[in-house]
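Note sheet for the following structure.
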Amino acid sequence: MKETSHRVKQLLEAIALTQDDEIDCSTCLDLVPIYVDRELAGADPARELPALRQHLAVCRECLEEYEALRELARLEAAGGLPGRQELLRQLRQQRPSA
Amino acid sequence: MVEGGAEHLVTRLLAGGPEGDAAARELHDLLVRAALAHLVHQGYSLEAFGADDPEALAEDFAQEALATILRQLHTFRGQSRFTTWAYRIVINLISDEFRRRAWRRRPLPTEHEALPHPVDPADDPVAAAERDEVWGLIARVIREELTPRQRQVLVGRFFQDKPLVVLAEELNTSKDAVYKLLHDARKRLKRALLAHGFTEAEALAAFERR
Ligand SMILES: [Zn+2]
């Protein structure tokens, strides 16, 4: 039952990270652009926005979206997102059947 | 910063009129590219969305994101780049839609309500006994002390990998309400562990020892 032990461990990790007051996913979504931009600017947003850091530690879906946003913001800061045709080409390349 | 153009979008959008319309078209184009970039980086397949035209799929998400962004525009305070603020909306839409569809297409339904019994064959009998004790306590609190809704979201989230958006639909509520149920359930479990003399670190350590 290794699989199940792993799940219990995840639950215990989440319990260990639990705070009396936590922000919800909507608040996280509102704050995450500030967090991402501060991070890309070389600041320490985990210290500036500890409640958001805590939410990202217990909410894997918000964590996934934060990481995705950081990637897009990084591209934007590096000169802008690639153009439509370039992105469509990249998508086609990824498809096993294409 | 090369991004002055995108930052001016806010002012132009708020101004409305022909200038506002032009700005909305520019933002829409940015959102289409953000949607495509997100699909690329996540490695999401079009099939996962039941789509075969990536551009049409990205256009749909961009359109929906644009409507949300225009509705929320007055809440933008300039604390981040406007593009970062806007892209989070399209990422959130696509990610939740992917989770919803992935859940529907999962190979085997896992609707068992019963909690599993997670004890590995013990290398170390002391560790195994401690694991048994921690799990016995957790399972009892889940069964007896959580409300039915707290139990449903906790078991769904941790033992069935159910996305929050799916749990919200099942309970006919919002993701935030599901998060609150999970949070209350975690607080209850944390208190129970402490009341029985386990710090969270000790409880976790019992499952980390082999
Ligand atoms: Zn969240």
Side-chain angles (χ1 to χ4, degrees), chain A residues 1-20 22-38 40 55 58-59 61-62 64-66 68-69 71-73 75-84 86-88 90-92 94-96, chain B residues 1-3 6 29-30 32-34 36-43 45-46 54-55 58 75 79-81 83-85 87-89 91-92 95-96 99 116-120 131 134-135 138 154 158-159 163-165 174-176 179-180 182-183 186-187 189-190 193 200-201 203-204 207-208:
Chain A
M1 295 298 293
K2 194 136 192 280
E3 163 80 342
T4 314
S5 281
H6 177 67
R7 286 164 185 277
V8 175
K9 240 177 78 178
Q10 285 186 337
L11 173 59
L12 288 168
E13 277 162 4
I15 292 171
L17 291 164
T18 297
Q19 302 286 319
D20 283 344
E22 296 184 4
I23 59 169
D24 60 22
C25 299
S26 295
T27 309
C28 174
L29 192 61
D30 285 340
L31 293 174
V32 80
I34 304 171
Y35 193 97
V36 162
D37 281 359
R38 294 292 295 150
L40 291 180
H55 185 88
V58 292
C59 185
E61 299 184 6
C62 285
E64 208 177 281
E65 293 174 28
Y66 147 70
L69 183 62
E71 183 56 27
L72 294 199
L75 288 172
E76 191 68 52
L81 299 178
R84 214 182 258 233
E86 167 60 18
L87 289 163
L88 287 167
Q90 290 180 14
L91 256 186
R92 271 195 305 273
Q94 270 178 6
R95 299 181 63 190
Chain B
M1 294 270 152
V2 282
E3 219 213 356
D29 182 64
L30 277 175
V32 170
R33 286 156 64 201
L36 290 170
H38 184 50
L39 293 171
V40 168
H41 286 117
Q42 297 302 113
S45 75
L46 295 181
E55 202 166 10
T75 67
Q79 292 170 292
S80 64
R81 287 172 174 238
T83 45
T84 314
W85 186 84
Y87 293 165
R88 88 203 197 282
I89 302 285
I91 287 173
N92 179 246
S95 301
D96 268 347
R99 293 173 188 130
H117 190 75
V119 176
D120 291 333
R131 271 205 293 263
V134 169
W135 177 244
I138 298 261
L154 190 93
F158 286 97
F159 296 98
L164 294 185
V165 66
S174 65
K175 273 173 73 175
D176 285 342
Y179 188 84
K180 171 92 168 62
L182 277 171
H183 180 212
R186 283 189 277 110
K187 280 198 286 194
L189 287 164
K190 184 171 179 167
L193 284 172
E200 309 97 287
L204 191 54
F207 278 82
E208 277 167 347

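These numbers were taken from a predicted model, which means no experiment stands behind them. Below, each value reflects all heavy atoms present in this structure, side chains not excepted, and no hydrogens, waters or symmetry copies. Residue numbers start from 1 in every chain, and the chains themselves are labelled A, B, ... in the order their sequence lines are given, proteins ahead of strands.
With chain A as partner, the option from B/L193, B/L164, B/I89 having the largest number of non-hydrogen pairs under 4.5 angstrom is B/L164. Comparing A/E61, A/K9, A/E13 by how many heavy-atom pairs each has under 4.5 Å with chain B, the most go to A/E61. Ranking A/L75, A/I15, A/D30, A/L40 against chain B, the residue ahead of the rest is A/I15, based on heavy-atom pairs under 4.5 Å. Ranked by heavy-atom pairs under 4.5 Å with chain A, the first of B/T75, B/V165, B/I91 is B/I91. Of all the listed residues (A/Q10, A/R38, A/E71), the one sharing the greatest number of non-hydrogen pairs under 4.5 Å with chain B is A/E71. Heavy-atom pairs under 4.5 Å with chain A peak, among B/D29, B/L30, B/V134, at B/D29. Chosen from B/H41, B/R99, B/Q79, the residue pairing most often with chain A at heavy-atom distances under 4.5 Å is B/R99. Taking chain A as the reference chain and counting heavy-atom pairs below 4.5 Å, the highest number among B/K175, B/E55, B/Q42, B/H38 is found for B/E55.
Using a 4.5 Å cut-off between heavy atoms, B/L182 makes no contact with chain A at all. Interface residue B/V32: only side-chain heavy atoms are found under 4.5 Å from chain A. Both the backbone and the side chain of B/K190 have a heavy atom closer than 4.5 Å to some heavy atom of chain A. For A/L31, no part sits under 4.5 Å from any heavy atom of chain B, backbone or side chain. Heavy-atom distances place the backbone of A/Q19, and not its side chain, under 4.5 Å from chain B.
No side-chain donor-acceptor contact under 3.5 Å links A/D37 to the backbone of B/S80. For A/Q94 (side chain) and B/V40 (main-chain N/O), a donor-acceptor pair under 3.5 Å exists by modelled atom type. B/R33 places a side-chain N or O within 3.5 Å of a backbone atom of A/L81 that can act as its donor or acceptor partner. Between the side chain of B/K187 and the backbone N or O of A/T18, no donor-acceptor pair lies under 3.5 Å.
Between the CG atom in B/N92 and the CG atom in A/L69 there is a gap of 10.5 Å [rounded to 0.5 Å]. In this structure, CG on B/L204 lies 10.0 Å from CG on A/L11, to the nearest 0.5 angstrom.
In this structure, B/R186 forms a cation-pi arrangement with B/Y179, its terminal cationic atom sitting closer than 6.0 Å to the ring centre and no more than 45° off the ring axis.
For B/K180, the NZ atom is loosely surrounded, since the number of other residues' heavy atoms within 6.0 Å does not exceed 12.
Taking the ring pair (Phe, Tyr, Trp, His ring centres under 6.0 Å) definition, one finds that B/H183 meets it with nothing, sequence neighbours left out.
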